[in-house]
**Student:** 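Dropping the structure in here first, questions after.
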Amino acid sequence: MSTAPHLNPSEPAAEVPAPRPELDDAPPLLGSWRNIYILVLGTFVLFLALGWVLTEVYS
């Protein structure tokens, strides 16, 4: 005996979620997600360069 609910093939398996327009809004910082990604990548590169410089100076 199956415990799964009976699904009628003519009915959709799941309800479609309601649209969420707030997901289309721009982020409050820097105006776009692209700018945020560039900031994060630039910070990462800066930390790598700083680590390399400190390694060279103190080794």
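Any value given below was found using the heavy atoms of this structure, including those in side chains, with hydrogens, waters and symmetry copies removed.
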**Student:** Check for me, please, whether Leu48 and Leu46 land in the same ILVMFWY cluster - side-chain distances under 4.5 Å, paths through other members count.
**Tutor:** no

**Student:** If the test is side-chain contact (heavy atoms from CB on, under 4.5 Å), which one of Asn35, Ile36, Leu29 qualifies with Ser32?
**Tutor:** Asn35

**Student:** With clusters defined by side-chain heavy atoms of hydrophobic residues (ILVMFWY) lying less than 4.5 Å apart, directly or transitively, does Leu50 cluster with Val57?
**Tutor:** yes

**Student:** Do the non-hydrogen side-chain atoms of Leu39 and Thr43 ever get within less than 4.5 Å of each other?
**Tutor:** yes

**Student:** Looking at every heavy atom in both Pro21 and Pro19, which two are closest together, and how far apart are they?
**Tutor:** CD-O, 3.5 Å

**Student:** Please determine whether residues Phe47 and Phe44 belong to a single hydrophobic cluster, defined as Ile, Leu, Val, Met, Phe, Trp and Tyr linked transitively by side-chain heavy-atom distances below 4.5 Å.
**Tutor:** no

